[in-house]
Amino acid sequence: MTGMDAILHGGLQGYLVVALLLFALGLATVLLRRTLLLQFMGVELMLNAANVALLAFARFRGGDAQAMVFYLFIIAVAACEAAVGLALVIGLYRHRDTTDSDRAASLKQ
Amino acid sequence: MFITFALITLLGALGMLLQKNVVVAGLCMVAAFFGVAGLFVLLANPVAAALQIIVYTGAIMVLVLFVIMMLNSHEEEKAQASHPVQRWLSFALLAALAFGAVKLVLSSGGLKALAVAGAEMPQAMTLQKVGTALFADHLLGFEVAGLVLLAAMVGAVALTKRNL
Amino acid sequence: MSLTPSQWAALLPLLVPALGACLVILMSLDKDQATTKWIRGAMYGTALMAVAGSFWYLTDLWKTGAQPTFFQLHMDRLAQFTGIFVMVAAALTILQSWDHFHQEGWVKGETLALLLFSVTGMMLFASTTHFVALFLGLELFSIPLYALVGTVRARSESAEGGMKYFLTGAVASSCFLMGGVLIYGLSGTLDLAAAAATLRAQGLALDPLVLVGAALMLLGFLFKVSAVPFHQWTPDAYEASPHPIAGFMSVATKGVAFIALLRIFPSSLGPLTAVGVKMQAVVAVLAVATLVLGNLTALVQSNVKRMLAYSSISHAGYLMLGFVAGTPAAHTGVLFYLVIYLAMNLGAFGLLTAFGLVGEHTTFEDLRGLGWKRPALGFSAAVFMLSLAGIPPMGGFYGKYMIFRELVATGHVSLAILGVLASLVSAYYYLRFLVALFLQAPSAEAERLASDRPVVHAPLAGATVLVSAAIVLAGGFLQYFLVEGFAKRALVEGLGLIR
Amino acid sequence: MTWLNLHPLTFLVFAPTLLGFVLMALPHKFGKLARLLGFLGALGIFILSLAWLLGHTPAAGGTVMAERAPWFTLVGLPVDYALAVDGLNLWLVLLTTFLVPLTMLGTWNSLKDRIGTFAALFLLLETGMLGALVAQDLFVFYLFWEAMLVPMYFMIGVWGGDERRYAANKFFLYTLSGSLLWLVALLYLANKAGGFNPALMAQAASALPFGVQGWLFIAFAVAFAIKVPLFPLHTWLPDAHVQAPTAGSVILAGVLLKLGGYGFIRFAIPMFPQAAMHYAKPIALLSVIAIVYGALVAMVQRDIKKLVAYSSVSHMGFVMLGLASMTVIGTQGAMLQMLNHGISTGALFLLVGMLYDRAHTRMIADFGGVAVKMPIFTTFFMIVTLSSIGLPLTNGFVGEFWILNGTFLSGFSWGRLYACLATSGVLLGAVYMLWMFMRVFWGPENKDEDSGTHHLHSDLNAREIAVMLPLVVLIVWMGVHPKTFVAASEVPVAALLQEIKAPAPRVFVLKPAVHEAPGIPVSGSPAPEAPAAHEVH
Amino acid sequence: MNKYYWLIPILPLLGAAFNGLLGKRAGKSVVTVAGLGVVLGSLVLAASAFLAMKALPDHRLVLNYGEWMVTGSMAVPFGMVIDPLSGTMMLVVTGVGFLIHLYSVGYMHAEEGYARFFSYLNLFVFFMLTLVLGSSLPLMFVGWEGVGLCSYLLIGYYFETDFAPQAGLKAFLFNRVGDLGVSIGMLVLFASFGTLTISDILIQAGHLAPEASFGILTFATLMLFVGATGKSAQLPLYLWLPDAMAGPTPVSALIHAATMVTSGIYMICRLAPVYTLTPITMSVVAWVGAATALFAATIGLFQRDIKKVLAYSTVSQLGYMFLGLGAAGFAAGFFHVFTHAWFKALLFLGAGSAIHAMHHEQDLFKMGGLKTKTKITFLTMVAGTVAIMGFPGTSGFFSKDEILYLAYLKSPALWLVGVIAACCTSFYMWRLMALAFWGEPRDHHAYEHAHESPLSMTVPLMALAVGSLLWGFWGVPEAFGGHFNIGEWLKPALTYGQIHAAHGHHEGPAVLLAVISTTLGLAFGFLGWSKYKDGPAWELAFAAKFPFLHGLLLNKYYVDEGVELYLLRPIRWFGNLLWKLFDVIIIDGVGVNLPGALARVFGDFTALFQTGRVRNYALSMALGAAILLFVFLK
């Protein structure tokens, strides 16, 4: 089947496109939102995009378990990042009473 | 089916990007995660789907929403507050990436070959396979992942513990 | 699967710090750790022991010349080099942080634990070609650093800096991850060396997805070495974090990232020639940007820590030039440069502690006249700054010399000229440091502050400074042994880049 | 002692540094002791250098002493640890070892604080200068060349005048800018030659296309010209001189500037003969400009030290002119002029320093009638002034006379014109020096309360006289019997010029009287029917 | 005896060193002995050397004392050549020099810088002898510059005054301008003859053909002549000499009348064989000399300072000498040097004695009637005056007449100028005499205390007076039945066996010319005496009638003012321009500080990108990623 169909009918290309778009959206969230928590979520989205791509490839490589293991590690790491990230947000909030990243801009130039 | 889940995922993400209200944005993101889980199912990978729902929607999202509430930072965010250059550059970048993604996928010969070759491969991803791989090949990784978790925990504690 | 004794011996350098970290955590559970001296001593002792142990095993390994490979680890000479590098950095950092945190008035075991975790991660990161291990290592040394940067609870900037470092770092590492996934997808294996071979065999070396994957991975490295335009976290994070931690980041993160870059790109992905070529092209462009921007911005800083941050950015530029040249000699030069850079930059940051500049008081104003008050430190400061500026006979000069020499040899004369002009600019702000130390009398206001601030004693930090100065001078006069006996062997026998 | 016999130069070069570090280690309160030790050490070095360098009989090539051993390669080009003293640098080395202790003695009391550190830096500087002078491997030369900057930077920056920070930075960065670009050229050529051995590099250079040679030569020349300093790269000099403490100025003028000229004769010209000859004209032009320009600017200075600084620009212009002439006479003149300038200008700076120590001002307008109060000082100043304006029988004359003759004879078409233009420097030199002398020393005594003259209470003391006497002796010696100081370089210079195929000197051919046998020899062999002269000895 | 001749110049040097270093402590008497002794010693030695040279067949005694400047193709030895020319000059220097030393003992006895003065004088003798005897051009140049230095030091002897230092500086700098010419001349000669040893040059020159048009030798000789104009105060470099009178009178007599100022003429005679090759230069020399003679003489007419009058007369007499040289009468020119040395020294010392008598009053209008008070001075002065005006039979008559005759042979115009100058000379000389010694005393107070000078001053006067009256008989021209012996005597030194003789004597109305010039001279002399013997009234009337002319002459044609206004100021202005504009603003500002400033500005600009907002950081990263992807996919 041709490229476009493959994308639309759930071929590997389709998953890749979804993954890359998800990645882009996650990045865009980091760039466009000011609420720190949402920016972190954007990062999570990017990780998820990676997961999608990873598992899609795994599927088309006949269910490669290596990828699956990697997926587990990625989830773990994602959790860790979330933990540290949230801790940092809370720490910042204690000082600045805000979670607006634009207002935490005292270090510059 | 694929289209549906794909749309759920992407629209959820888009909603999170555009939704003014922080809480609602967070909920959009839950949707996105669900969509991803669905995709995993389609990829004949129920384990991953389950993990996705448990870990992300279950753990992380709840945590995030909890923090959002706690820090009551769910006031409306004024989008125009962000510098126009920042905003338009970002949107341009987003568009470019989206366009580039499709183009990239279409232009990659290796991908096409793989799609064709992999379509009729056996697909079952069983926990047994995973387990073997995990403890046979990736013992080191497993340990390290543990260390990462420990480190993150210590870090979080160090950052937030009150009595210091 | 079980490990042979020799493999265990090779694994110990990673295990010891991790175990040390766990021990320190246990000790730090004592709630009055901040008050009772002996617990503090025990914690620091343990940490030092862990580092020293790891260092000991590494040198042992180096002596035997064994280069075992097991799991996804290549404990080859390059890895051992990295280990020694990181351990020295860690040791100096720990010693400095004892003084610094006492000056700041609070001591926490967690910092030590995090430091040790990140040390472990660094060694892992630099000693594997397997993407899973690579990614885990990256995270294992990044996440503790995020926490360490934000760890100064007293200062609001601290949390802010940590947040910035974390957010940008997370984005970078997800890019890195995505890149790896793409490479895996097309090659079917997670081991990059194998992947490169397969891709080449399947004629997919030029497949756009592969290229994108390589580019995204490169981004991950460039972020860690803080190359323009992935550098902006650097000054903020350094200013936010405690002096020793800033020094550690500036040295260890950069060094490890460069070594890993060396291991991955020219070596593992070697078969993908196109990738190598494009890598050099893009690195050349970014190196120019890094040199120009880093140096010019450092020129206008009033805060020493920020100045040092920008200077570390510009040094990333020089090291990247080494990759542009890409010859074995240039890579050796990079390794040698890293060794000297470790000493001179950690020394420079150590000076802040040794001079007892706490909190915000890290401007050039605060340095005025200190060089004469503390002659030994002043002398070392001169050594560091001249070396950073690349003035012979300091070690820094020889690093620059090797890199520029190879640049010229490979026909990048214009880049070399830019490089020397950059170091001309850099000389100005390094001299400014010395101007403050020696050429300016302390301002009346500074005198007043000094009078009501208790006189600081930082023996350990002072010692580290002197040691670093000794290393830098040694680099100047024994450069031959460091290069031939250490850096070159790491390359030759580790990566087999020089045949 | 065997080690010493094997490595005399290494000892000469590095002994000061060792001593210097010892002095640095001494605590502040032992400053006076450190100063004494430093002086004695430098004196010892001087005596040793005299004994060794003049004691040895030079080898065939004029080499007095040499050391060479492979040093390192650093995964690439081999670097040799090669030192040598030969005809070209013999007297410059001695000048250095001579000036250092002399200057220490001359500025014994002019510094009040951190004198120990100052002495230490001074010794480090001596190492840098000696090393650069004796280095026979371009990498080693570069090392010492750069290493010199640091002590001088601190000497200016710490002990200097009000603008010292600006001056020190300017000095450092100015010089560095030149030498860094030169480093790139050096690396380029070294890569072509496969090493830093000057001979190999010269071969490699000759193989390169002329355009490249030109660029390389320019890189070399700029680095050296900044040190000389050649117009228009001279502007660091006045600031550095005026701000530096006396000792700094003396060494700066006495030795550091020489290294520029020395670099030309030792490296730039032999390595790029064609390029050197191709660019000889612009260099000579700049030198002539420097001669006149420096003099004109010196004429209108109000600060004695600045005046002397600009006079250095003018005098070093002569050196460069002589080198550019590419004739034996001119080059020898340049070699001698370097020594002259080292002695005379060094002495001038010392004298200005002595005046400043007493009056705490250097403004010409603040003086007048000093001769009444300080006759001895005035006498010395007069003698040095005369040597600086090139009065015959002082050193200044011989150097300038040779340079002018060499330039006039030079095979280049511009030689005659430039020589005639350069003579004006001799006149202008007299103008600014004697005008200054008149305003400072002669005329009615300046009686203002805050004038410099008013603060002069004592004439030179024994120490200061002891410092000045050797200089005066040298001034006359070099003027009356210059051969002592240029004999060593005669052969190497001639060989060099022959090797680079410098154009043959241009002479005028005169028309013999019609009934004469054609072809009167233009060189002065008396014709046969010359009346027999009665030789008496 | 030969082996001691090197002491001729060295003895005075030793004297100078001794007086300079130890004189102050040693005391005046010792200084006197030392100062005079060395000069006397060298006088004796010189005499013996002269005789030794005279005994030689070719009248040339060459002595070499090792090498001086030897490198490449250049070999300049230390050496002396004693031949008729240098020998005679040597005698003049030591002889006149000794008399003036003697005179100074009396004149300077009160001075507190006595030792310094004598050390300078001795030094001068040393340098003058070096100039005269030097065997090579550079060695001659040593003396050349050295005497300049000494005159600088001696003029500035009263250094604590305002004017003397200025005059000294002026003298030195004007001389330096000339020395420029000499240097260039030496360069050219070295490039032409390949040697700087005078005898070699002259021998080679003997084999060359004269230059028909402007050639390289013409250039060289012209340049050397520039030096001569500086040293011998010819147009346009004469300006320093009148100011030089700021020095003590013996200095004016010795240096600025008898010896140093004649070194220009000496040098040209020394190089006569070369000059004869360059007719163009010769005419230039002649015309410059004539012009100077007239120009200076006219200025001399109305000067009020007695020493100024003599100074300008010196300038004018020097002009005569150059006129003679230019007319190819080297011997004649040198003869005039010789005679002039006697009578001008005499006049100066006499004037000095008069000034001494009048308690250092130099203004003629304030003198008068001294002839009764100071008899010896008066009589000797008269002798000097008749000599300088060329009264038949006196030395001045023969030398001046020979010059005028040769000038006529070259071109009558030159002769006419010379004669006019001669008339002016006798006019102002008699004006001087009349104002100083005749008439009523105009400053009675000073007149009361006026007294004859001590013996140490009058003896030299008398000696010189005899010389200036009789010495002329050494050079009686053919026209008056003589053989112009001095010419014959100098011939070997002047021609150096040159192929073609310096000049063959054409016929000319020698006697007639002499009669005309002499009568005119006498007439004007009488005029000057008669107009002034009763005081300056006539001049005041004249000034009232022709204020412009009188002012012009009195103020020396305003040349000094012009130099200051149109030469010195512009140079200083230019220097300031170079410094303030070029050095400070262009090179330093634009070349050095501007890049630094730009770097800072740029740094401030790049620092702006560090906004502190993490979103911006992420954006820049994203852009970087875009760059990476672009490069990789390109």
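To find a chain, count down the sequence lines: A is the first, B the second, and so on, and within it residues start at 1.
Within the 4.5 Å cutoff, the side chain of C:Met249 has no heavy atoms near those of the C:Ser312 side chain. At least one side-chain heavy atom of C:Ser174 sits under 4.5 Å from a side-chain heavy atom of A:Val43.
Between chain C and the options A:Gln66, A:Lys108, A:Gln39, the largest number of non-hydrogen pairs under 4.5 Å is found for A:Lys108. Counting heavy-atom pairs closer than 4.5 Å to chain C, the top-ranked of the candidates A:Leu27, A:Asp64, A:Leu20 is A:Asp64. The greatest number of non-hydrogen atom pairs below 4.5 Å with chain C, out of A:Ala76, A:Ala105, A:Gly26, is found for A:Ala105. Between chain A and the residues C:Val300, C:Leu177, C:Leu182, the largest count of heavy-atom pairs under 4.5 Å involves C:Leu177. Put simply, of C:Gly188, C:Gly185, C:Ser173, the one with the most heavy-atom pairs under 4.5 Å next to chain A is C:Gly185. The choice from A:Val84, A:Val77, A:Ile90, A:Leu16 that makes the most heavy-atom pairs within less than 4.5 Å of chain C is A:Val77. Ranked by heavy-atom pairs under 4.5 Å with chain A, the first of C:Asn303, C:Leu167, C:Leu190 is C:Leu167. Chosen from A:Glu44, A:Glu81, A:Met46, the residue pairing most often with chain C at heavy-atom distances under 4.5 Å is A:Glu81. The residue among A:Ala87, A:Ala50, A:Ala56 with the most heavy atom pairs within less than 4.5 Å of chain C is A:Ala50.
Here the CG-CZ distance, from A:Leu55 to A:Arg61, works out to 14.0 Å after rounding to the nearest 0.5 Å. With rounding to the nearest 0.5 angstrom, the CG atom of C:Leu136 is 9.5 Å from the SG atom of A:Cys80.
Ring centroid separation for the pair C:Tyr165 and C:Tyr238 does not come in under the 6.0 Å cut-off.
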Practice problem: Apply salt bridge (charged side-chain N to carboxylate O under 4.0 Å, His left out) to the pair C:Glu239 and C:Lys305, showing each step before the final yes or no. | Solution: CA-CA 6 Å; C:Glu239 190 179 353; C:Lys305 271 168 93 177; over 6 Å; no
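Neither the backbone nor the side chain of C:Gln232 comes within contact range of chain A, judged by heavy atoms closer than 4.5 Å.
For the side-chain hydrogen bond (donor to acceptor under 3.5 Å, both in side chains) criterion with C:Asn295, the lone passing option out of C:Tyr429, C:Tyr310, C:Tyr428 is C:Tyr429.
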